There are 2 protein chains.
Amino acid sequence: MALAIKVNEETFTPRQQAVLTAALDLLVENGDGLTMTAVARRASCSKETLYKWFGDRDGLLTATVQWQAAKVRMPFVDRSHLSVKALRASLEQFARDLLTTIIGEVSITLNRTAITHAAQEKDDLGNIVLENGPMAIRRRLKPILEAARDARLLRFPSSEEAYRTFFGLVVRDVQIRLLLGDKALTQSNVEANIEADVKAAADQFLALYGAKASS
Amino acid sequence: MALAIKVNEETFTPRQQAVLTAALDLLVENGDGLTMTAVARRASCSKETLYKWFGDRDGLLTATVQWQAAKVRMPFVDRSHLSVKALRASLEQFARDLLTTIIGEVSITLNRTAITHAAQEKDDLGNIVLENGPMAIRRRLKPILEAARDARLLRFPSSEEAYRTFFGLVVRDVQIRLLLGDKALTQSNVEANIEADVKAAADQFLALYGAKASS
DNA sequence: ACAAGGGCGTACCGTACGGTACGGTTCGTG
DNA sequence: CACGAACCGTACCGTACGGTACGCCCTTGT
C-alpha cells in the first residue's frame, strides 16, 4: 500500500477527522514539532487510540496530509465554448486558485512538513503534496491548453512546457519565500496584490503563447 | 548578533571549515537528522569542541548554512557595454547560474533545512538562505535590468516586477518539485535540459519586456 | 625540560518523546 | 442486567540525543 494518493470521503470517520483537524492545527501552530501526546490532548483522545487508528507517528502525519491535501478543490472551468475571453477567464481562475492556495497557512504548513519529510528519504508526503498540488493543477490545466491550441487560440510546442511556464509566471518567487519564512512577504501583503498578479500572469502567458502574438 | 548575514573568509579556521564540511555532508546524506555525535565522529573532533566553537546545535547548523550559502558565487556579468546581444548573454548567464545552483544537492539540502527551521519560528536559517539565494540574485540582476531600461533595451513598469517574472520563467516548478522529492525529476534529467531551458527563459523574458516587443 | 592550553575520545546526565500497558467509563447488544 | 467493545486518561518504559565533565595526548612557548 505504498502510495495511497486518493482519499475518498468515507476514509475517515467524523471522530477521526476531528483528530486529524487537531493534528493539522498543531502542525500549523508548532511546525513539525508535533508530538503524539499533544495531538491526544488537543483531540481529547488517548494515545492508544491514535496508534490503533494510524499505526505510528508517520501514519498520523500521512493521514493528516492526505486528508487535508485532498480537500484542495479547484472550481471547475468550462472547456466547452472557447473564446479568447473565456480562455483568459479560465487562466485567471487557475492563477487565482493557485495563488490563493499557495499563500494559505495550511498549504505552507503542508509543504513544509512534506519537504522536511523528503529530507529523510521518506518521500511519501512529498508525493502526496506534489500529487494534490502542482500535478493536480497540471492535470486540470493541460486539457484546457490543448483545447485552446486546437481552437487556434494558443500556440505552443508542448503543453508540458506551456503549463510550466504558466506555473512560473503565476508563482514566481512567492512560494519559496513564504516557505523560507520571508518576513518581508506577509500573507496579507500578497493577498492584496492577488488580482493584479493574476491579471499580469494571464497577460504575460497570452503574450507568449497567444496565437496572435506568435503569428 | 541576531542576523550575521555576511561571512568573510577568515570567519572560520581551516579546522573549523573541515568540521562544517563534515556537517554539510551529513546534512546532505541524512537530511536534518543531524546529530552532534555524528558530526563529531565524522570530523574526528570532540563534542566539547563543537559546543565550544558553535555554542549549540542551532549554532552549528547556522554556521554551516552561512558558510556554505556564502560560497554561492555568481560570476560577474559586465553591465558596461549594453547591446541586445550582451543583454541576452547576461540574462542567460543568470538563468544558467540560478538553475545550476537550484538543482544542486547542496542547495536542495540547505533549502530543506532552512524550511524545516522556518516551520519552528526559528527563521534565522530561512533569512540566511533567502539572502544568499533569491535576494542575492535580485541585487545582482536589478541594476542590469535598470541599465538595460535606461539604454532603451527593456521596458517595464518596475524592476521588481521584471525580476520576479524572470525568476518565475527560469525556476518554474523545478525547485518546489525537487524540494518535495519528485522522483520523476532526477537531477541529471534537469541538467540535460538546462541549456534549452535557459534559452527559452531568456527568449520569453525578452519577448515580454524587450523594447521591440512592447512598442 | 616542563608547564599550559587546545583538542580528542569517552563516559555520563537529563529530558523529551515514541510507543505500550492498564484501569475506569461509556455505550451498544443479547 | 450482563457482557464486551471502544475509548479516555494516565502512568510507564526505552531510547535517542542535546549538552556537560573529565582524563589523556600533543603541540607550543619559555
Side-chain angles (χ1 to χ4, degrees), chain A residues 10-65 67 109 112-114 116-117 119-122 124-125, chain B residues 1 10-67 109 112-114 116-117 119-122 124-125:
Chain A
E10 294 96 16
T11 307
F12 301 111
T13 70
R15 182 71 181 102
Q16 286 172 333
Q17 295 191 26
V19 171
L20 293 179
T21 303
L24 183 68
D25 288 351
L26 285 174
L27 218 51
V28 171
E29 292 171 20
N30 303 337
D32 205 4
L34 177 59
T35 73
M36 301 300 275
T37 309
V39 175
R41 235 200 321 268
R42 175 75 65 105
S44 291
C45 75
S46 77
K47 281 170 69 175
E48 198 170 14
T49 305
L50 249 42
Y51 285 100
K52 186 174 191 176
W53 286 347
F54 305 106
D56 57 0
R57 185 175 180 276
D58 256 24
L60 174 61
L61 226 46
T62 306
T64 306
V65 172
W67 172 67
T109 300
R112 279 181 180 160
T113 307
T116 300
H117 247 66
Q120 267 116 18
E121 256 76 343
K122 304 233 175 197
D124 273 27
L125 294 189
Chain B
M1 63 140 195
E10 294 96 15
T11 306
F12 302 111
T13 70
R15 182 73 182 102
Q16 285 173 334
Q17 295 190 26
V19 171
L20 294 179
T21 302
L24 182 68
D25 289 351
L26 285 174
L27 219 51
V28 171
E29 291 171 23
N30 303 336
D32 205 4
L34 176 59
T35 73
M36 301 300 275
T37 308
V39 175
R41 238 201 317 269
R42 175 73 65 104
S44 291
C45 74
S46 77
K47 282 170 67 176
E48 199 170 14
T49 305
L50 249 43
Y51 285 100
K52 187 172 189 176
W53 285 348
F54 304 105
D56 57 2
R57 184 176 181 276
D58 258 24
L60 173 60
L61 227 47
T62 305
T64 306
V65 172
Q66 270 181 347
W67 173 66
T109 301
R112 279 180 179 160
T113 307
T116 301
H117 246 66
Q120 268 115 17
E121 257 74 346
K122 302 232 175 200
D124 273 28
L125 294 189

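Small disclaimer: the values here were computed from a predicted structure and weren't measured. Quick note on labels: first sequence line is chain A, next is B, and so on, each numbered from 1.
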- Message: Classify R41(B) by what it touches in the nucleic acid, base, sugar-phosphate, or nothing, heavy-atom distance under 4.0 Å.
- Response: nothing
- Just checking L60(A): base, sugar-phosphate only, or nothing, at a heavy-atom cut-off of under 4.0 Å? nothing
- Message: Measuring only between side-chain heavy atoms, which start at C-beta, is K47(B) closer than 4.5 Å to T37(B)?
- Response: yes
- Validation row: V19(A), T64(A) side chains within 4.5 angstrom (heavy atoms): no
For [X] and [N], give me the distance from atom [atom1] to atom [atom2], rounded to whole Å.
{"X": "N30(B)", "N": "dC17(D)", "atom1": "CG", "atom2": "P", "result": "10 Å"}
{"X": "M36(B)", "N": "dC8(C)", "atom1": "CE", "atom2": "P", "result": "13 Å"}
{"X": "Y51(B)", "N": "dA21(D)", "atom1": "OH", "atom2": "P", "result": "13 Å"}
{"X": "L26(B)", "N": "dC17(D)", "atom1": "CG", "atom2": "P", "result": "12 Å"}
{"X": "L50(B)", "N": "dG6(C)", "atom1": "CG", "atom2": "C1'", "result": "15 Å"}
{"X": "F54(A)", "N": "dC7(D)", "atom1": "CZ", "atom2": "P", "result": "11 Å"}
{"X": "R42(A)", "N": "dC8(D)", "atom1": "CZ", "atom2": "P", "result": "16 Å"}
{"X": "D32(B)", "N": "dC17(D)", "atom1": "CG", "atom2": "C1'", "result": "13 Å"}

Looking only at side-chain N and O atoms, does [X] come under 4.0 Å of OP1 or OP2 in [N]?
{"X": "W53(B)", "N": "dG7(C)", "answer": "yes"}
{"X": "T49(B)", "N": "dC8(C)", "answer": "yes"}
{"X": "R57(B)", "N": "dA16(D)", "answer": "no"}

- Task: For the pair Q120(B) (side chain) and G31(A) (backbone), establish whether a donor and an acceptor sit closer than 3.5 Å, ignoring hydrogens and angles.
- Result: no
Measuring from the side chain of [X] (C-beta onward, heavy atoms only), which nucleotide among [options] has the closest atom?
{"X": "C45(A)", "options": "dG19(D), dC8(D), dA11(D)", "result": "dC8(D)"}
{"X": "S44(B)", "options": "dG9(C), dG18(D), dC8(D)", "result": "dG9(C)"}
{"X": "K47(A)", "options": "dC8(D), dA11(D), dG18(D)", "result": "dA11(D)"}
{"X": "E48(B)", "options": "dG6(C), dC8(C), dC8(D)", "result": "dC8(C)"}
{"X": "K52(B)", "options": "dG18(D), dG7(C), dC8(D)", "result": "dG7(C)"}

- Looking at CG of L26(A) and OG1 of T35(A), how far apart are the two atoms once the value is rounded to the nearest 0.5 Å? 7.5 Å
- Message: Give me the atom names and distance for the closest heavy-atom approach of R42(A) to A22(A).
- Response: CG-CB, 3.5 Å
